[in-house]
**Student:** 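So that we are looking at the same thing, I have put the structure below in structure tokens.
Residue numbering restarts at 1 for every chain, and letters A, B, ... go by the order of the sequence lines.
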Protein chains: 2
Amino acid sequence: MSIERRTTKQKEAIKAVLSHQDGPLLPDEIQALALKIVPSIGIATVYRTLKILQDDNLVCSVEIPGQAPRYESSDRGHHHHFHCQKCHSVFDLEKCVEGLKNLVPSGFRVIDHEITLHGLCKACD
Amino acid sequence: MSIERRTTKQKEAIKAVLSHQDGPLLPDEIQALALKIVPSIGIATVYRTLKILQDDNLVCSVEIPGQAPRYESSDRGHHHHFHCQKCHSVFDLEKCVEGLKNLVPSGFRVIDHEITLHGLCKACD
DNA sequence: ATTGAGACTGAGACACAATCTCAATATAGC
DNA sequence: GCTATATTGAGATTGTGTCTCAGTCTCAAT
Ligand SMILES: [Mn+2]
Ligand SMILES: [Mn+2]
Ligand SMILES: [Zn+2]
Ligand SMILES: [Zn+2]
């Protein structure tokens, strides 16, 4: 069984920050925005809370190779990301693709997947 | 124009290690295997050389979220990976999927992509 | 074969993200 | 309010990767 969870101003602030955002954020960006809601929040608390929210499936991490992980609210549902190689913006993608299970040999069970597209965004192309 | 490149025992050892392997390796695994070929090779040289080989398109990095980047020879060609959530092995996948370009809005140019599947491998399921 | 410019090396210092420690604090059930 | 304990924040610590720099190695020119 999991440990007892308590409601804290810090955790609520982080959830509020992420729910108002439309792109994934870095931990220090989350800390900076949360500080506008709560008087103080340490970076260790940000990392701890993000891990808890991930365990509770309230937050997802978005990892672009070569860059630090970013975090976004999981109420956006399943989606993927486009990374601009020039301006390094990260965009949400709407759809998903079919046939991913066909990539795998028999005997392997696919539970999750992630897709990241790289290229040039509308502004940079 | 790019910088002049020289042939060194260390770089050749790393290339040899990666070409004989059938899965992506961590930097310290690469160092350990390279030490069987050359009398000494520092970890800084491993990182430096991997970066050079990536720039020269001889090596690709494989990044599983939450884990340190691994490296593999790019002579395996374009492919993707399956990550077992139990034993954390990483398997090469043969095929790719169609229709990735349809995921992006018009005006965006897709240059590259990566796909990682997560689940249970044949041995763990 | 010798030379020399400069690419390369390895050890250790350094930088950074992320985790751990622990005393102080806040929460929730009573 | 009181208590048990989950949570916090500052600082120490870890882990991964980069930087520095004096010494070495490579290779084209001689
Ligand atoms: Mn997103
Ligand atoms: Mn591979
Ligand atoms: Zn862009
Ligand atoms: Zn497995």
**Student:** I need the CG-P distance between B:Asp56 and C:dA7, as an integer number of Å.
**Tutor:**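 These atoms are roughly 14 Å apart.
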
**Student:** Does any residue of residues 39-55 of chain A have a heavy atom under 4.0 Å from DNA chain C, and if so, which ones, in number order?
**Tutor:**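 Going residue by residue through residues 39-55 of chain A, the ones with a heavy atom under 4.0 Å of DNA chain C turn out to be A:Ala44, A:Tyr47, A:Arg48, A:Lys51.
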
**Student:** Return the value, rounded to whole Å, for the distance between atom CG of A:Asp28 and atom P of C:dA18.
**Tutor:**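 Result: 9 Å.
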
**Student:** Give the rounded distance in Å between these two atoms: CD of A:Glu29 and C1' of C:dA17.
**Tutor:**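 After rounding, the reported distance stands at 14 Å.
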
**Student:** Got a sec, which residues hit ring pair (Phe, Tyr, Trp, His ring centres under 6.0 Å) with A:His83, two or more places apart in sequence or on another chain?
**Tutor:**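 By the ring pair (Phe, Tyr, Trp, His ring centres under 6.0 Å) rule, A:His83 matches A:His88, A:His118.
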
**Student:** Kindly write out the residues that satisfy ring pair (Phe, Tyr, Trp, His ring centres under 6.0 Å) with A:Phe91, not counting sequence neighbours, or none if the list is empty.
**Tutor:**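 For A:Phe91 the ring pair (Phe, Tyr, Trp, His ring centres under 6.0 Å) partners, ignoring immediate neighbours, are B:Phe108.
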
**Student:** Can I get a per-line list of side-chain donor-acceptor pairs under 3.5 Å for residues 49-62 of chain A, giving both atom names and the distance, sequence neighbours left out?
**Tutor:**
from, atom 1, to, atom 2, distance (Å)
A:Thr49, OG1, A:Thr45, O, 2.7
A:Asp56, OD1, A:Arg5, NH1, 2.7
A:Asp56, OD2, A:Arg5, NH1, 3.0

**Student:** For a quick test of your reading: what N or O donor-acceptor pairs under 3.5 Å do the side chains of residues 23-44 of chain A make, sequence neighbours left out?
**Tutor:**
from, atom 1, to, atom 2, distance (Å)
A:Glu29, OE1, A:Leu26, N, 2.8
A:Gln31, NE2, A:Ile41, O, 3.0

**Student:** Is the shortest heavy-atom distance from the side chain of A:His81 to the side chain of A:Arg70 under 4.5 Å?
**Tutor:**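 Not touching, per the 4.5 Å side-chain cut-off.
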
**Student:** With a 4.5 Å limit on heavy-atom distance, are the side chains of A:Lys122 and B:Pro105 in contact?
**Tutor:**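 No. Closest side-chain heavy atoms not under 4.5 Å.
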
**Student:** Report the residues that fulfil salt bridge (Lys or Arg N to Asp or Glu O under 4.0 Å) with A:Arg48, sequence neighbours left out, ordered by chain and then residue number.
**Tutor:**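 Not a single residue meets the salt bridge (Lys or Arg N to Asp or Glu O under 4.0 Å) criterion with A:Arg48.
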
**Student:** In whole Å, what is the span from the CG atom of B:Leu35 to the C1' atom of C:dG10?
**Tutor:**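 It works out to 12 Å between those atoms.
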
**Student:** Test: ring-ring contact (aromatic ring centres under 6.0 Å, His included). Region: residues 55-74 of chain B. Which pairs qualify, not counting sequence neighbours?
**Tutor:**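 Matches after skipping sequence neighbours: none remain.
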
**Student:** Tell me, please, the opening and closing nucleotides of DNA chain D, 5' to 3', among those with an atom under 4.0 angstrom from a non-hydrogen atom of chain B.
**Tutor:**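 With heavy atoms of chain B under 4.0 Å away, the range is D:dT16 to D:dC27.
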
**Student:** Using side-chain heavy atoms (C-beta onward) and a distance below 4.5 Å, is B:Ser89 in contact with B:Cys121?
**Tutor:**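 They are not in side-chain contact.
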
**Student:** Starting from B:Ile111 and following side-chain heavy-atom contacts under 4.5 Å between hydrophobic residues (I, L, V, M, F, W, Y), which residues can be reached?
**Tutor:**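 Besides B:Ile111, the cluster holds A:Leu120.
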
**Student:** Output yes when A:Lys9 and A:Glu12 qualify as a salt bridge under the 4.0 Å nitrogen-oxygen rule, no when they do not.
**Tutor:**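 A:Glu12 and A:Lys9: not salt-bridged.
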
**Student:** Polar pairs (N or O, both sides) under 3.5 Å between protein and nucleotides 26-30 of chain C?
**Tutor:**
from, atom 1, to, atom 2, distance (Å)
C:dT27, O2, A:Arg6, NH1, 2.6
C:dA28, OP1, A:Thr7, N, 3.2
C:dA28, OP1, A:Thr7, OG1, 3.4

**Student:** For B:His80, enumerate each residue passing the ring pair (Phe, Tyr, Trp, His ring centres under 6.0 Å) test, keeping only those at least two apart in sequence or located in another chain.
**Tutor:**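 Residues passing ring pair (Phe, Tyr, Trp, His ring centres under 6.0 Å) with B:His80: B:His78, B:His113.
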
**Student:** With axes from five pairs an end, tell me the bend angle of the helix from C:dA1-D:dT30 to C:dC30-D:dG1, nearest 10°.
**Tutor:**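 Computed from the C1' atoms at both ends, the axes differ by 40°.
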
**Student:** Using a 4.5 Å cut-off on heavy atoms from C-beta on, say whether the side chain of A:Leu100 contacts that of A:Val110.
**Tutor:**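 No; the side chains remain at least 4.5 Å from each other.
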
